[in-house]
Amino acid sequence: MTTIRRTVRITVDTQNEHRFLDVPFEVPPGTDSLEVAIRYDGSNAGIDLGCEGASGWRGWSGGARTEFVIHPADATPGYLPGAPEAGEWNVVLGLHRVPSEGVEVEVEVTIPASRAVPQLPGASPATRTVRGSDRGLPAEPGLTWFAGDFHGHTLHSDGRLPIGGLAALGVASGLDFMAVTDHNTVSHHAHLPAEGARHGITLLPGQEVTTHRGHANAFGDIGWIDFREPAQRWVDEVERRGGILSINHPISGDCSWLHRLERRPAAVELWHSTWYLELISTAPFAWFRTWPEGATLLGGSDTHMVEEPQRPGTPTTWVAAADDSVEAILDGVRAGRTAITGSGSFDGTVLMPELMRAPALVRLGDEVVAVDAEGLVLVDGFGRRRSVRSAREAFAADPADGPFHLVLADRRIMALCA
């Protein structure tokens, strides 16, 4: 067994020059496993952890872990299993928060690994009591509106749930599908089909491409997108591989979108769970007015743990698709067939989704149809208002006049569509 220890002194000047700092080490031929640990004073510093192998990216923990193990058939969540290939590897340190006095980071690499990968907790399937697609929202012939959530995390990044645990929450919320979008890794992708089948919900492969200047979700089984590259490369590479890129929570505190783009992606997570804190705010619309006409609207709960007030489906994104397979859902997004609903009730902490009766607004040809929205007001992108007087009412609606939304008399936003 060989142990390599290096102490790296990180200052603000280091952070200014390198947001991601490589600490190289050599893996000899015949190595079957390795483990890495970092140690530093976390009281005033935040250092993210990742790993790049001699043949490519092997995983990312961000700030969720300070150690990982890679074995031939298993690895710490967030990392790809497989015998480590010979050559130069790098422990990748993300310099997220560096104090003015600097911080020392001790990096320790052990070859071969001295311990096994800890067993992940299991999750029993939830009893399904409702499925959003059974609501039968009005759709074009051959299509059904499926209920889902485009943003969720597991133990493969900074979530506290196994994949099955997130899936079970989605089922309990009545969703037909959920995207699993762990930060800067695709280690979860291989597990999604089996976990989705076990729990009875479609799990879309995703990656939250995460930097200090903004986040974006890359959807589709398209491999890993390098978050260290300029954001325009994310847009171009996801498109080249046949995936979909969406800008995440563009006005969400210190995670707001700051990257400059020459060519923008087609999708935007306009309704993020943080909007529930102030649903009369028009800030998301103000930001959206800067985006090219025709962008596809998505919503995401950004669920990380059971203890959070938001659950999968807060908000719910509906996709009109031929079926609820991964490709059919993504095809619906590519075609812009999406709508977002907020809630049907308020539990004192957060608006909770009630899929079968929450006010909905969906596009049907050259009209938008308000469902279960009697007494609400339809507002278009120019602020023009029309009262909804029945449980199902259609309004002429030019897409150029969007986005459209339903509001209560107190201006609380209840549903969106383009």
Sequence-distant partners of Glu108, side chain to side chain contact (heavy atoms under 4.5 Å, CB included), two or more places apart: Thr3, Arg5, Arg39, Glu106, Thr110

May I have all residue pairs that pass ring-ring contact (aromatic ring centres under 6.0 Å, His included) and include part of residues 292-338, sequence neighbours excluded? His153-His304

On a heavy-atom basis, the closest approach of Pro312 and Met178 is CB-SD, 3.7 Å

Tell me, please, which residues at least two apart from Arg260 pass side chain to side chain contact (heavy atoms under 4.5 Å, CB included). none

Looking at Gly170, is its backbone amide N or carbonyl O close enough to the side chain of Ser173 to form a donor-acceptor pair, meaning the two atoms are under 3.5 Å apart? no

Taking side chain to side chain contact (heavy atoms under 4.5 Å, CB included) as the definition, give me every residue that meets it alongside Ala168, ordered by chain and number, with sequence neighbours left out. Ala126, His199

My understanding is that only residues two or more places apart in sequence, or in another chain, count here; which of them pass salt bridge (charged side-chain N to carboxylate O under 4.0 Å, His left out) with Arg131? Asp176

Kindly say whether Leu378 contributes a backbone atom to a donor-acceptor pair with the side chain of Arg386 at under 3.5 angstrom? no

Main chain of His212, side chain of Arg19: is a donor-acceptor contact present, judged purely on distance under 3.5 Å? no

Among side-chain atoms of Thr11 and Asp13, is any donor-acceptor pair under 3.5 angstrom? no

Can you name the residues that form a side-chain hydrogen bond (donor to acceptor under 3.5 Å, both in side chains) with His259, not counting sequence neighbours? Thr211

Given Val109 and Glu35, is the side chain to side chain contact (heavy atoms under 4.5 Å, CB included) satisfied, shown in steps? CA-CA 6 Å; Val109 180; Glu35 64 183 84; over 6 Å; no

Do Ser61 side-chain atoms and Ala64 backbone N/O form a donor-acceptor pair below 3.5 Å? no

Please confirm whether Arg264 makes a cation-pi placement over Phe288, using NZ or CZ under 6.0 Å from the six-membered ring centre and within 45° of the ring normal. no

Check step by step if side chain to side chain contact (heavy atoms under 4.5 Å, CB included) holds for Leu21 and Val8. CA-CA 10 Å; Leu21 184 65; Val8 182; 3.8 Å; yes

Can you confirm whether Ile413 sits close enough to Trp271 that some side-chain heavy atom of one is under 4.5 Å from a side-chain heavy atom of the other? yes

From CA spacing to verdict: side chain to side chain contact (heavy atoms under 4.5 Å, CB included), His215, Asn184: CA-CA 10 Å; His215 304 180; Asn184 295 337; over 6 Å; no

Sequence neighbours excluded, the answer for salt bridge (charged side-chain N to carboxylate O under 4.0 Å, His left out) partners of Arg240 is Glu237

Is Glu140 paired with Arg363 through a side-chain N to carboxylate O contact shorter than 4.0 Å? no

Do Leu270 and Phe285 have side chains that approach each other closer than 4.5 Å (heavy atoms only, starting at C-beta)? yes

For a quick test of reading the model, state the closest non-hydrogen atom pair linking Leu245 to Val238 and the distance between them. N-CG1, 3.7 Å

With a sphere of 6.0 Å drawn around CD of Glu101, does it hold more than 12 non-hydrogen atoms of other residues, nucleotides or ligands? yes

His249 and Glu269: side-chain donor and acceptor closer than 3.5 Å? no

How about Val379 and Phe404: do any of their side-chain heavy atoms sit closer than 4.5 Å? no

Mind checking side-chain hydrogen bond (donor to acceptor under 3.5 Å, both in side chains) for Asp372 and listing every partner two or more places apart, or none if nothing turns up? Arg135

Val235 vs Leu261 side-chain heavy atoms within contact, under 4.5 Å: yes

Does a side-chain heavy-atom distance below 4.5 Å link Ile47 with Ile38? yes

For Arg385, does the CZ atom have more than 12 heavy-atom neighbours from other residues, nucleotides or ligands under 6.0 Å away? no

Heavy-atom donor-acceptor pair, Ser301 side chain to Pro315 backbone, under 3.5 Å: no

Anything under 3.5 Å between a donor and an acceptor, one on a side chain of residues 392-400, the other on a protein residue two or more places apart or in another chain? List them.
| from | atom 1 | to | atom 2 | distance (Å) |
| --- | --- | --- | --- | --- |
| Glu393 | OE1 | Arg389 | N | 2.7 |
| Glu393 | OE1 | Ser390 | N | 3.3 |
| Asp398 | OD1 | Ala400 | N | 2.8 |

For residues 53-82, which residue pairs pass the ring-ring contact (aromatic ring centres under 6.0 Å, His included) check, not counting sequence neighbours? Trp57-Trp224, Trp57-Phe227, Trp60-Phe227, Phe68-Tyr79

Which of Asp302, Val319, Asn248 passes side chain to side chain contact (heavy atoms under 4.5 Å, CB included) with Phe150? It is Val319

We want to know whether Ser157 and His183 form a side-chain donor-acceptor pair, criterion being a heavy-atom distance below 3.5 angstrom. no

Heavy-atom closest contact (Ala339 atom, Val362 atom, distance): CB-CG1, 4.0 Å

Does Asp134 have any salt bridge (charged side-chain N to carboxylate O under 4.0 Å, His left out) partners at least two apart in sequence or in another chain, and if so, which? none

May I ask you to test the Asp236-Glu239 pair for a side-chain heavy-atom distance under 4.5 Å? no

Please enumerate all residues that pass side chain to side chain contact (heavy atoms under 4.5 Å, CB included) together with Thr154, with sequence neighbours excluded. His156, Ile163, Leu166, Val180, Asp182

Could you tell me if the side chain of Arg228 sits less than 4.5 Å from the side chain of Arg233, heavy atoms only? no

Is any side-chain heavy atom of Ile247 closer than 4.5 Å to a side-chain heavy atom of Pro265? yes

